[in-house]
Amino acid sequence: MNFLSLIEAKRDGHSLDPLQLKESISAYTTGRVPDYQMAAFLMAVYFQGLNAAETGALMRAMRDSGDVLRFPADPRPLVDKHSTGGIGDKVSLPLAPLLACLGFRVPMISGRGLGITGGTLDKLDSIPGFQSLPSTQRIVEIVQTVGCVICGQTARMVPADKALYALRDATATVPSIPLIVASILSKKLAESLEALVLTVKFGVAAFMPTLERAHELAQALVALANESGVKTRALLTDMHIPLGRSAGNWLEVRESVECLEGRGPKDLRELVLACAAHLLVQTGKAKTLDAALQQAADCLASGKPRQKWNELLAAQGADLPAFDRKLAREHTAPVVVELKAPASGYVSRCDARIIGEVVRDLGGGRFTKESSINYDVGVDEIAKPAEPIKAGGLLARIHAVDVAQAEAAGARLKTAFEISVQPPVANPLIAGTI
Ligand code: URA
């Protein structure tokens, strides 16, 4: 295999032979193609793109670079959800136990946060004792017994994506639709799923700033996943504003538990139920989306998903009494300060990007993959667009490690909000389905 000729071909805008692509990924993963050549190849792809056949070949080569999860035959369909990432997006936490109670098996392989985008594993790591990295064998055992697992990919799963993603991160080649599609689907397809629901975000705090770009990404994801035998739909969801009222690892776990208890923010509940409902329809467990939404809402109201959550935590090593004690504390960060509204009116802007930056700067996110994070800091009680507010009313609360950090966060957080005399037009959370 001559990797140089592959770089040249892509640089000059030619289509690549799928077999050569497959061999190149295998050669890179086993150290036979150096980083500098792969970096040049990625940049060529960034500028020239990949057609559908090339993207599929790349995705399959990445998926097959390591272990693919294998499950025993079972009437419960294997399903999962993937989000392209955002601020306050904690949907996976209440969704996994809800899906398990609806009769699915959910091998939810998740990631950590980087930059302003939160990561499901970081949220779960704020739970005392929780083990987010079980072995492949244990992942299968937990899925078979509990019905769901939420964990990180083992070193043996999709190693090509791990290496390529790190290289893309260091070479400014992350925002390429075919590379994103191959990366996301290589991991999801290593879970041997029957159905998948995607939430593809658009807005100031999303990978894709506009609805049009999110639509393009969603279409590419849905087309390749379906062609690969996984029944897939994508929901295009607004990420100009955070999801829910909390951003920060432990604060988001609290909000997820509220959702499982039938409390918590409306938008979070709406998206959790929508994801569950689409999977019910995709797998033939419900005939219409309305019937599926009712089925999911009834299941949530039954309290069973809340019990399932405890089962999931116990199976993944969590110390449940310590978790309950942590939940019972009003807050776990040393300093909590309130950000007050400067005037009366309606919240007309609540900028998810600024809120994400504030949480990261408080220590709740990572600047680099090696950064350690503080699980207890963040922002909660966030006032959302179109809500009426009085001068001196609460716009948000800041959870910080000390007063100086809280004050710095407050000065920045203020700029995330605007208040208007007239209520703004509220945008729907789900702008479309593909
Ligand atoms: N998430 C992924 O897993 N891969 C990408 O390339 C982008 C987002």
Side-chain angles (χ1 to χ4, degrees), residues 21 25 28-29 38-39 41-47 49-50 54-66 68-69 80-87 89 91-92 107-123 132 150-155 157-191 193 196-203 205-209 213-225 228 230 232 234-237 239 353 356 365-366 369:
L21 251 175
I25 295 304
Y28 176 63
T29 315
M38 185 51 82
F41 177 72
L42 292 171
M43 192 55 86
V45 171
Y46 178 86
F47 283 113
L50 293 177
E54 291 169 319
T55 309
L58 177 63
M59 182 278 286
R60 284 186 290 279
M62 288 164 71
R63 178 197 62 192
D64 298 339
S65 66
V68 171
L69 295 179
D80 195 5
K81 183 246 25 167
H82 179 82
S83 156
T84 57
I87 309 304
D89 184 355
V91 167
S92 294
M108 196 177 265
I109 308 291
S110 304
R112 296 195 182 281
L114 184 63
I116 63 164
T117 301
T120 298
L121 292 189
D122 295 329
K123 300 181 215 287
S132 50
I150 312 179
C151 62
Q153 89 198 58
T154 66
M157 282 183 78
V158 210
D161 180 64
K162 215 172 195 153
L164 284 170
Y165 196 86
L167 195 58
R168 286 167 60 205
D169 205 31
T171 55
T173 50
V174 169
S176 147
I177 287 185
L179 294 179
I180 295 174
V181 169
S183 165
I184 290 176
L185 292 184
S186 64
K187 287 174 288 210
K188 290 292 127 180
L189 269 65
E191 296 175 2
L193 301 177
L196 172 65
V197 66
L198 302 158
T199 63
V200 178
K201 316 284 176 197
F202 62 93
F207 250 138
M208 297 293 150
R213 287 283 287 164
H215 195 272
E216 204 184 320
L217 174 60
Q219 272 189 324
L221 284 162
V222 168
L224 180 56
S228 309
V230 181
T232 301
L235 310 180
L236 296 167
T237 65
M239 194 34 74
R353 171 160 287 275
R366 293 187 180 80
K369 281 205 166 63

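Position 1 is the first residue of the sequence; numbering continues from there. All ligand and atom numbering here is 1-based and tracks the order in the structure.
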Peer 1: Report yes or no: do Lys81 and Ser92 form a side-chain donor-acceptor pair below 3.5 Å?
Peer 2: yes
Peer 1: Could you report the tightest heavy-atom contact between Arg168 and Val174, atom names first, then the distance?
Peer 2: NH2-O, 2.9 Å
Peer 1: List ligand 1 atoms under 4.0 Å from Tyr165, heavy atoms only on the residue side.
Peer 2: 4 (N), 5 (C), 6 (O), 7 (C)
Peer 1: Check Met157, Glu191, Arg63 against Val68 for a side chain to side chain contact (heavy atoms under 4.5 Å, CB included) and give me the one that passes.
Peer 2: Arg63
Peer 1: My understanding is that only one of Leu121, Thr117, Thr120 makes a side chain to side chain contact (heavy atoms under 4.5 Å, CB included) with Arg112; could you say which?
Peer 2: Leu121
Peer 1: Please state which option from Leu217, Ile184, Ile180, Asp161 has its nearest heavy atom closest to atom 1 (N) of ligand 1.
Peer 2: Ile184
Peer 1: With a cut-off of 4.0 Å, which atoms of ligand 1 are near a heavy atom of Arg168?
Peer 2: 5 (C), 6 (O)
Peer 1: Find all atoms of ligand 1 within a distance of less than 4.0 Å from any non-hydrogen atom belonging to Phe207, and give their numbers and elements.
Peer 2: 7 (C), 8 (C)
Peer 1: Going by the side chain to side chain contact (heavy atoms under 4.5 Å, CB included) test, name the single residue among Thr55, Leu221, Leu217, Thr84 that passes it with Ile180.
Peer 2: Leu217
Peer 1: Could you report the tightest heavy-atom contact between Leu198 and Thr232, atom names first, then the distance?
Peer 2: CD1-CG2, 3.6 Å
Peer 1: At a 4.0 Å threshold, what atoms of ligand 1 neighbour a non-hydrogen atom of Lys187?
Peer 2: 2 (C), 3 (O), 4 (N)
Peer 1: How close does the nearest protein non-hydrogen atom get to atom 4 (N) of ligand 1, and which residue and atom is it?
Peer 2: Ser183 OG, 2.6 Å
Peer 1: Pairs of nitrogen or oxygen atoms closer than 3.5 Å, one from His82 and one from ligand 1: do any exist?
Peer 2: no
